[in-house]
Structure formats: structure tokens, C-alpha cells
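Each chain gets a letter, A, B and so on, in the order the sequences are listed, and its residues count up from 1.
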There are 2 protein chains.
Amino acid sequence: MADKRRVILDAAVRVFARDGYHTSRVGDIAEEAGIAHGLLYHYFASKDEVLATIFRENWGELIGAFHRVEASGEPADEQLRGIAKTLLRSWRNDADLVRVLVREVARSPQLQAQVDEVGEVFLTIQRVIERGQADGVFREDVDPRLASWIVYGGLEEILTGWVLGQLPDGDEEVARAERTIIDVVCSGLAATPS
Amino acid sequence: MADKRRVILDAAVRVFARDGYHTSRVGDIAEEAGIAHGLLYHYFASKDEVLATIFRENWGELIGAFHRVEASGEPADEQLRGIAKTLLRSWRNDADLVRVLVREVARSPQLQAQVDEVGEVFLTIQRVIERGQADGVFREDVDPRLASWIVYGGLEEILTGWVLGQLPDGDEEVARAERTIIDVVCSGLAATPS
DNA sequence: GAGGCGGTTGACTGACCGTTCAATCGCCGA
DNA sequence: TCGGCGATTGAACGGTCAGTCAACCGCCTC
């Protein structure tokens with residue numbers, strides 16, 4: 001008797017993760033959810049809206065988590081660690097969801113509507129880096145905007161490695177990935193003691 | 001009287017770059033190439049094969065360029081710079097091609113066949129990092145495999161920023177991106193003088 | 001100028017799939 | 001027990017496209 005809407009969304013995540021958005025049929029989602037495919041249109045206007053909903057709900061949560069890190073008052077390098085943790089641990093929490101977000105959304109075709117929300121993730125990282133520079137923790141000869149893209153790219157690529165099964169993804173390895181990227185990025189950004 | 005095959009491939013790159021693989025029709029490619037769509041099947045077995053050909057031909061070239069850098073005998077950090085140059089400058093060379101490779105191929109659905117060739121790019125970066133560690137240029141407490149994914153991710157994300165029009169991509173900025181990512185990565189990987 | 005042949009055309013087919021909707025179910029309140 | 005209504009079903013529709021194929025073109029050769 002769980003909320004059908006949720007059931008459908010969860011099923012859709014599994015199906016999109018398995019087959020990709022374009023190649024999965026509405027009927028597949030319905031079957032996975034254990035409903036007739038017509039019922040999906042009782043809850044969603046279209047297949048597109050299902051994907052958009054998955055994106056909106058979960059990406060919003062990610063942004064929230066990032067903002068909480070940002071507001072924590074920790075030093076900038078610790079905040080970067082917090083962001084890395086949030087992103088990388090989401091893999092263990094819900095691998096299928098990460099699969100969908102990484103593959104379908106991050107570089108979707110007409111992302112006009114999503115650009116703002118995706119951009120907010122980059123902006124948060126950028127602000128953390130800028131604060132680190134202002135506090136003297138990070139070097140100032142690096143463009144924070146570019147740096148934020150590089151940092152996010154490193155994180156996303158690790159997720160991609162796990163999504164594609166090309167990088168080991170046990171608890172151990174997730175922790176190591178976290179350590180590694182923070183090590184590299186933070187010493188790469190570190191202020192050189194003059 | 002140019003080779004029709006080439007004409008079709010070039011047209012396909014433009015169309016895939018504009019509309020994405022799944023949403024672009026064979027007829028669109030044909031129109032862009034100035035031929036009847038039936039003729040496409042004279043040169044290619046299917047729409048899939050067109051994309052696969054685009055990938056194979058161009059990715060192979062990228063791997064070749066990477067291998068040339070690797071064989072250059074330069075120190076590891078210079079080799080990383082060479083790799084970054086190769087990848088980032090490809091944007092100015094052929095933006096549409098980069099668009100297609102980044103969006104359609106790097107995380108395509110059934111990439112079983114492509115995994116080897118994609119993997120070779122990571123392996124090359126990994127070998128460069130390992131050589132840097134052996135030569136004492138890079139710190140040894142970082143897993144070269146993970147580091148290669150992080151480095152590639154940073155590079156690809158910058159390309160993505162350009163693809164999405166979210167990062168400025170003038171000559172100036174491309175050069176700066178090159179400098180920035182190498183700065184960050186190389187000092188992030190640098191051996192700490194003990 | 002006849003014959004042949006690779007290149008080229010575009011109408012057509014067959015299948016697929018998102019979406020609609022009329023019919024049915026089953027719960028609940030009166 | 002009845003009526004009503006939201007939830008649910010799945011057959012049918014409509015449109016889209018990848019891929020096929022029979023005909024045609026124009027160039028070359030003999």
C-alpha cells in the first residue's frame with residue numbers, strides 16, 4: 001500500500017539504470033513497478049516527466065547536502081572533503097540512482113531547465129574554493145570557476161568508474177577514493193607557504 | 001566528388017552534435033549530407049554503425065596522440081601537460097566531434113566493445129603517473145589508477161563545460177584551462193621534498 | 001549505341017512504442 | 001445494499017522511423 005507514485009519512480013530508476021532512458025519502454029517501467037502501463041499516466045504526464053521528477057527530487061537533495069556542508073563553518077579543505085564524501089557515498093546508498101543521474105542527466109540533450117540546478121553544484125564548490133583562497137588555505141593563482149569544474153569532474157569520473165564497473169567499489173575502495181581525491185585536490189590547491 | 005563516406009560521417013557528426021544520437025533520424029543525417037537516406041545504407045549497415053565508426057576512427061587517433069606523448073621521453077609532468085594539451089585543444093579543432101564523443105560515447109549504453117579502447121586512454125595516463133612515481137617526480141602514496149581517473153575526469157569536465165556553453169572557450173581560456181589543470185594536478189601529485 | 005554496372009533515389013514496409021480512453025474494479029460512506 | 005468515485009486495466013490508436021528494394025541514372029567500355 002506504499003505510495004504508488006514512489007513505487008513507479010523507484011521502478012523507473014531501476015529500469016533507466018539498467019537500460020538507459022531512451023531504450024527503456026514505458027511498459028518496462030510499469031512491469032517493474034507491477035502495474036499496468038496505463039496507470040503510469042495517472043501519476044505522470046509523460047515518460048519525460050518521470051525522468052525530470054527523478055532528477056528534480058534527488059538533485060535537490062544533493063544541493064541541500066552541499067549547502068549544509070557549506071554552512072558548517074569548517075575550513076575550506078574540510079568542506080571539500082565533506083562534498084566529496086556526500087557525492088561518493090551516494091554510490092553506496094543508491095547505485096542505480098547515481099547511474100541514472102550520471103548517465104542521463106548530467107549531459108542530457110535539452111537541459112535548459114536543469115542548467116540552473118546543475119550549475120548550483122558547481123557554484124557551491126566554487127564558493128568553497130574562493131573562501132579557501134580568502135582564508136589563505138588555498139593558492140590564489142587558480143581560477144576558482146575552472147577549479148570547481150576540475151574538482152567536480154574528478155569526483156564524477158570516479159562515480160563513472162564505478163557505474164561502468166571499471167573501478168573497484170567496495171567500502172574500502174570508496175573510502176580510499178575519498179582520501180585520494182581530497183589528497184590530490186587539496187595539495188594541488190594548497191597555498192604555497194611563502 | 002569527395003568521398004561520400006566521409007561526407008556522411010561528417011554530416012552525422014554535425015547532426016549528432018546538434019540533436020544527440022537517439023533523437024536524430026537517419027533522414028536528418030542524409031539531408032545534412034545532401035543525399036537520399038537510402039544511400040546511407042550503401043555505405044553503412046545501420047545508424048549504429050555510423051556512430052561506432054565515428055568513435056573508432058577518432059578515438060583511435062586520440063590514443064595514437066597519447067602514445068606519442070608517452071614515447072617522447074619527457075618527464076612525467078611534461079607528459080601530463082602534453083596529454084592535457086591534446087585533449088583540450090581538440091575542442092578548438094573540432095567542437096562537434098568532441099560534443100559527440102563526450103556526450104554519446106564516453107558513457108554509452110552497451111559499450112562492451114568500446115571498453116578496451118576507452119580504457120587505453122586511462123591506462124596511458126596511469127602509466128605516465130606510475131613512471132612519475134618511479135622517477136621521484138610524483139608522490140607514491142597515491143593509487144595511480146584512481147589518480148588517472150581523477151585527471152581524466154578533470155579534463156573531460158572542462159570539455160563538458162565548453163560543450164554545454166557553461167565555460168568560456170576562447171583561445172585565451174583554453175590556454176588557461178590547460179595551465180590550471182596541470183598546475184593543480186601536478187602540484188597535487190608532486191613528491192613532497194622530504 | 002548497346003550493354004553493364006556502381007551509385008543513387010525515395011516510396012514503402014513493418015515494427016515499435018508513447019499515449020489515450022472506455023470499461024472495470026474495489027473500497028467506503030450512507 | 002447501493003451508489004459513487006478514485007484507482008486500475010489493457011486493447012487500440014497514431015505517429016514515427018530504421019531499414020528495404022525495385023527502379024533509375026549516368027558514366028564507361030567495347
Under the salt bridge (charged side-chain N to carboxylate O under 4.0 Å, His left out) test, residues paired with Arg179(B) that sit two or more places apart: none
Which residues share a salt bridge (charged side-chain N to carboxylate O under 4.0 Å, His left out) with Asp135(B), sequence neighbours left out: none
Parallel, tilted or perpendicular: ring planes of Tyr21(A) versus Phe16(A), cut at 30 and 60 degrees: perpendicular
Sugar-phosphate only, base, or nothing, as touched by Leu40(B) at under 4.0 Å among non-hydrogen atoms: nothing
Touch class at under 4.0 angstrom, heavy-atom based, for Tyr43(B) against every strand present: sugar-phosphate
Residues 75-84 of chain A, side-chain donor-acceptor partners within the protein, below 3.5 Å, at least two apart:
unit_1: Glu78(A); atom_1: OE2; unit_2: Arg81(A); atom_2: NH1; d: 3.0
unit_1: Gln79(A); atom_1: NE2; unit_2: Glu70(A); atom_2: O; d: 3.2
unit_1: Gln79(A); atom_1: NE2; unit_2: Glu74(A); atom_2: O; d: 3.2

Pairing residues for Glu57(A) by the salt bridge (charged side-chain N to carboxylate O under 4.0 Å, His left out) criterion, not counting sequence neighbours: Arg5(A), Arg6(A)
Selection residues 118-139 of chain A - residue pairs positive for ring pair (Phe, Tyr, Trp, His ring centres under 6.0 Å), sequence neighbours left out: Phe122(A)-Trp149(A), Phe122(A)-Tyr152(A)
Opening and closing nucleotides of DNA chain C in contact with chain B, under 4.0 Å to non-hydrogen atoms: dG7(C) to dA11(C)
Rounded distance in Å - CD (Glu31(A)) to C1' (dT9(D)): 15 Å
Residues which pass salt bridge (charged side-chain N to carboxylate O under 4.0 Å, His left out) with Glu32(B), listed by chain and number, not counting sequence neighbours: Arg14(B), Arg18(B)
Euclidean distance, atom CD1 of residue Ile35(A) to atom P of dG10(D) [Å, nearest integer]: 11 Å
Any His42(A) side-chain N or O less than 4.0 Å from OP1/OP2 of dT8(D): no
Annotated protein contacts, base or backbone, on nucleotides 12-21 of chain D with a non-hydrogen cut-off under 4.0 Å, one of B, S, - each: -----SSBB-
Residue pairs involving residues 35-45 of chain B (criterion side chain to side chain donor-acceptor pair (under 3.5 Å); sequence neighbours excluded): none
